[in-house]
Each structure stands twice: as structure tokens, then as C-alpha cells.
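Quick caveat, the model's predicted, so the values are computed rather than measured. Order of the sequence lines fixes the chain letters, A, B, ..., with proteins taken first and strands second; residue numbering starts at 1 for each chain.
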Amino acid sequence: MFMQVAFKYEWLEDCLKEGTRLPVEKYSLLNAPTSAPASSDESTHSPVISEDEFHHGLLSVVKVKRSHETDRSNEDSDSEEDSHKRKKEEVWMDVIHRSGKLGVVGKSGMTSQRDEGKDMEIQTQSPQSYTPPNLNKNITAIFDELKNIFGDALGDDRRSFSYYKANSVLEKLPFKITSVEEVKGLPAIGKSMQDQIAEILKTGKSSRLEHFKEDEKVRVVSLFGAVWGIGPSTAQKLYEKGHKTLEDLQNEESLTSAQKYGLRFHTDINKKIPRHEVQEMELLVKNCAESITPGISVLCGGSYRRGKALVGDMDFVVTHPDGKSHAGFLRKLVYKLKQLDFLTEDLTVGMDHPLEERGVDTYFGLCKYPGREQRHRIDLKVYPHEKYAFGLIAWTGNDVLNRRLRLLAEAKGYRLDDHGLFPVTRDAQGQRVSERSSGVLCSTEREVFDKLEFPWLEPNERNL
DNA sequence: GCTC
DNA sequence: AGCAACG
DNA sequence: GAGCCGCTTGCT
């Protein structure tokens, strides 16, 4: 039993090494929960989506709980190092424990009936049951701004990701940091982060961030870069053209149509969507899909599937078990969802892959909750059935897990992406080559995890 | 930025 | 080819 | 000091 605990701990720490954290938070919420959503016309029943994975949820929770208790009952050695290590261990076990609790949440969407009982705390879907308190907002808020500056304005993705990873560790700590000593040795917290944390603890702010904030260029470019479709390069060009505000950009002809939509609905898009509303829109999409092609499978992935109380956008992953009816389906679905006045604007579209190509049709756009004008980001992806498991993993995320799985795959001689796991060989030049035709067959997510020998994670445990 |  | 996006 | 996901995908 102890072995299991140790293993789980080491593995988690290993994970955190690579990176961590949940999607960026933008703090404005303006939800006026209103009328019930319209379900699509004829069919009011919810199509049954087979999701074997969900059955294992509760089991996992219990297992984690037991491990946690075992861990704590096991402390009787008392060297300083041991106690130090044990303290950290408890920290991470607590993290796991909480993920476990979140575990039930993910399934609540599937069994939306019960609103009371022992799972009440979870069933109510109060933000707190999904989102750990984050006792170190004083630090993570600053790091988050730096993350955005490095990402949106400076185009330094690597450095941006480092702040992202540091935050993911810090926001999960079960205590409020009072001294740098407490973060030394934590994954993703190196010398520079320690120094900055020390400064924040001492002065309440970061001189680096303050410096950035005084710089008009950084401020403006960062603002532009936050618009959907505008990256660091374009943002900088727009600044050099003399633009200073988002209003200035409205008469900028050079913007692509997607960027124009991103601009027009910028504030809309940045608002988080309450989980229960996503659930309602999921039903709408499912019903619509079923009315077009019975037997079609529609699942809302992303942070929704990972159990978050508030989500930034919606990611729908679609397939058909018969292996052929998915072809051409996306166009029909989009058409009908527009008729229903649900889908509103297109951002990028890649559809109509011919059946024999076994390609993935994608749609990125905007939609609105029935009866409201407020826009949301929505993605639709249609997979041929044999690629579905890979698509589901990729579009459930989170991004850190995806990268980690891909790195692991590479280490084991494979190449992983959202439509397969492919053995890698080397050509004469030693270049990596993989035959897309000879991918490893996996029909469930679990088979992919197993193939990579990566410990199984419930969707709600994937918020690394 | 962090890690090996 | 460069840019931007997705998890 | 090198590597950091994807022989991503779509758009211009």
C-alpha cells in the first residue's frame, strides 16, 4: 500500500515538473442566469452517449482517499529530512485528494437528476467544489499578468509557459506562502521565481511587472495580443501603425475576418460560462446532432469535461460508431445549428474531408446561449471512429497533459497527436519518420494510456 | 522561465 | 512561409 | 547549453 502511495506521489511530482496549471482566468463574470434553454425542436430526449470511462470515477475517489489515509498513518519516522519530505508529500496527496473529490463532479453532468444527498456538496456545482481556494492569489495574480505579457506581447511562449506552470503549482498549495523557504524545492519554482516570490512577499508587488506596466508599448501590444486571432507579431504591427486602443482597431482594414469577430466580441468571449449553462447547450447540440444522424456521438470535452465550474469555451468532440456516418456530418450540423440561431459567426472552418481520407473536420466559431446575445467560443470536431479516442484525449486536455503524453510517447518510440499513436522509425538520415497508416489501434482513452504506460486519469483528474 |  | 490557434 | 507538443491545422 505504501508503495502505491510513493509511486503515486513520485509520479505526480514528475508531472508537475513538466508543467501545470489550469487555463488562464479572466476575472469578469457577468452571468444573468435566465430562462431555461431551448432544446432543439423535435427530440427532447437526450441521446445516450456511451462513456465507459465514467464508471470508474467513484472507485478512483475511494482509492485516492485510502492512499491518503494510509500515507498519513504511516508517519512514525522522524528525521528532519523525512518530516520535510512528508510535509510535501501531504501537500501533493491533498492535491490528489481534492482532484478525487472533483472526480464525482465530472459525472454529475451525466446524472443530473439528483440534487441532494451525500454528494450534495458536489452536485450543487458551486464553484468552490471545483476550484481550490488558491491561498496565494497575491502571487499568482502577478505571475498571471506576466504570463500574459510574455505570451501575448513578447511572444516568448517558453517563458510564458514557465509562469503558467509555476502558477499551477502555487495555486494548489494548501497553505498561504509566508516565506520563500516554503517554495524552495517545489517543481517549476526555480531561482528566478523564488526571487520574485520573495519580492512579492516583502513589497506586495513585482518590480518587473511594474516596469512592464509603465511601458506603453508593452501595455498596448499585450492588449491587442489578447484579442482572438491576433498574436504577438500582428499586435506589434498594429501598434507600429499607431493604434493605441481596441476602438482604434475597429477601422483597421488589414484584420482578417476572424480577427474582426475576435475584436467585436472580445469582452463576450472573455467571460466564463457557468457549468450548468454548458450542460444545457451540450444537450441542445446533442439533440440537434441526433436529429440529423441518429446514433451520432457528441461529447463536450475541454475544461467542462475536466469538471470545472466555469469554463472559457466549449469543445465538442463528435464521432459515429459505424465508422462512416461521420463523413459530411459537420456541415449539416453547422447548418442546422445556425438555423437554430445557436451558431452565429465562423472563425475558422476545415470540413468536408472525404470519407476515405479519414480526416478530422473542424469548426471554430461563436455561439450564443438561447435567448441571449452574449457570444461564446465554440469548437466542433468530427472524428472518424478509429481516431476518436485520440481526439477525445487531445480535446479534453489539459494542455499540460497533452504535452506530457506526447513527450512520453516520443520517449517510448512513438509520435502522438490528436489522431493517432504512431511508431517512429528512422530513415537513412536519422530523421524521425512515422507511417500515419500504421498507427496503434485504440478504441478507448484507457487503451491509449495503457499503451503509453501512463497511469489512468479520470477526466476530472486531468487538471494538471 | 525551468529542467537535465 | 509565417502567424495564430487548440487542448 | 539545449530542449521545451504537434512531420497539429487553417488562414493569409
Identify the residue among A:Leu246, A:Ile269, A:Asn270 that makes a side chain to side chain contact (heavy atoms under 4.5 Å, CB included) with A:Val227. A:Leu246
Determine the contact category for A:Glu410: base if any of its heavy atoms lies under 4.0 Å from a base atom, sugar-phosphate if only primed atoms, P, OP1 or OP2 are that close, otherwise nothing. sugar-phosphate
Describe the nucleic acid contact of A:Leu416 in one word from base, sugar-phosphate, nothing, applying a heavy-atom distance below 4.0 Å. sugar-phosphate
Winner on side-chain proximity to A:Val349, out of D:dG6, D:dC7, D:dC11, is D:dC11
I need the minimum non-hydrogen distance between A:Asp268 and A:Glu373, along with the two atoms involved. OD2-O, 4.1 Å
Which nucleotide in C:dA4, C:dC6, D:dC7 has an atom nearest any side-chain atom of A:Asp313: C:dC6
With the threshold set at 4.0 Å, does a side-chain nitrogen-carboxylate oxygen contact exist between A:Glu445 and A:Arg305? yes
Counterpart base for D:dC7, defined by Watson-Crick or G-U wobble contacts under 3.5 Å: none
Of C:dA4, D:dC5, C:dC6, the nucleotide closest to the side chain of A:Leu407 is D:dC5
Sugar-phosphate, base or nothing in reach of A:Val317, heavy atoms under 4.0 Å: nothing
If you look at every strand shown and take non-hydrogen atoms under 4.0 Å, does A:Arg432 touch a base, only sugar-phosphate, or nothing? nothing
At under 4.0 Å between heavy atoms, what does A:Ser160 touch on the DNA or RNA strands: base, sugar-phosphate, or nothing? nothing
Atom OH of A:Tyr414 to atom C1' of D:dC7: distance rounded to whole Å? 19 Å
Per atom distances to the A:Asp417 side chain, the nearest of D:dC7, D:dC4, C:dC6 is D:dC7
Please confirm whether the shortest side-chain N or O distance from A:Arg403 to OP1 or OP2 of D:dC5 is below 4.0 Å. yes
Counting only distance, no hydrogens or angles, is the base of C:dG7 paired donor-acceptor with the side chain of A:Asp399 under 3.5 Å? no
Whole angstrom value for the distance that separates C1' of D:dG10 from CG of A:Asp346: 13 Å
Is a salt bridge present between A:Asp195 and A:Lys191, judged by a nitrogen-to-oxygen distance below 4.0 Å? yes
Among B:dC2, C:dC3, D:dC7, which nucleotide sits nearest the side chain of A:Thr234? C:dC3
Give one of base, sugar-phosphate or nothing for A:Lys381, where a contact means two heavy atoms less than 4.0 Å apart. nothing
Taking any heavy-atom pair under 4.0 Å as a contact, classify A:Leu347: base, sugar-phosphate, or nothing. nothing
Where the side chain of A:Arg406 is defined as all heavy atoms beyond and including C-beta, which of D:dC7, D:dG10, D:dG6 is the nearest nucleotide? D:dG6
In whole angstroms, the gap separating C1' of C:dG7 from CZ of A:Phe390 amounts to 16 Å
Among the candidates B:dC2, D:dT8, C:dG7, find the nucleotide nearest to the side-chain atoms of A:Met193. B:dC2
Selection from C:dC6, D:dC5, D:dT9 that lies nearest to any side-chain heavy atom of A:His419: D:dT9
Would you classify A:Asn402 as touching base, sugar-phosphate or nothing, given that sugar-phosphate means primed atoms plus P, OP1 and OP2, and contacts are heavy atoms under 4.0 Å? base
Which atom names give the shortest non-hydrogen contact between A:Glu458 and A:Trp456, and what distance separates them? OE2-NE1, 2.9 Å
Residue A:Arg436, side-chain atoms from C-beta onward, closest of D:dC7, C:dC3, B:dC2: D:dC7
Between A:Phe364 and A:Trp395, what is the ring plane arrangement, given parallel below 30°, perpendicular above 60°, and tilted in between? perpendicular
DNA chain D: 5'-proximal contact among A:Thr348 and A:Arg158 (nearest heavy atom): A:Arg158
C:dC3 C1' sits how many Å from A:Trp228 CH2, rounded? 12 Å
Rounded distance in Å - CG (A:Leu170) to P (B:dC2): 11 Å
Return the nearest nucleotide to the side chain of A:Asp315; candidates are D:dT12, C:dC6, D:dC7. C:dC6
For the pair A:Phe422 and A:His419, name the ring-plane relationship: parallel under 30°, tilted 30 to 60°, perpendicular over 60°. perpendicular
With a non-hydrogen cut-off below 4.0 angstrom, is A:Asp379 in contact with a base, only sugar-phosphate, or nothing? sugar-phosphate
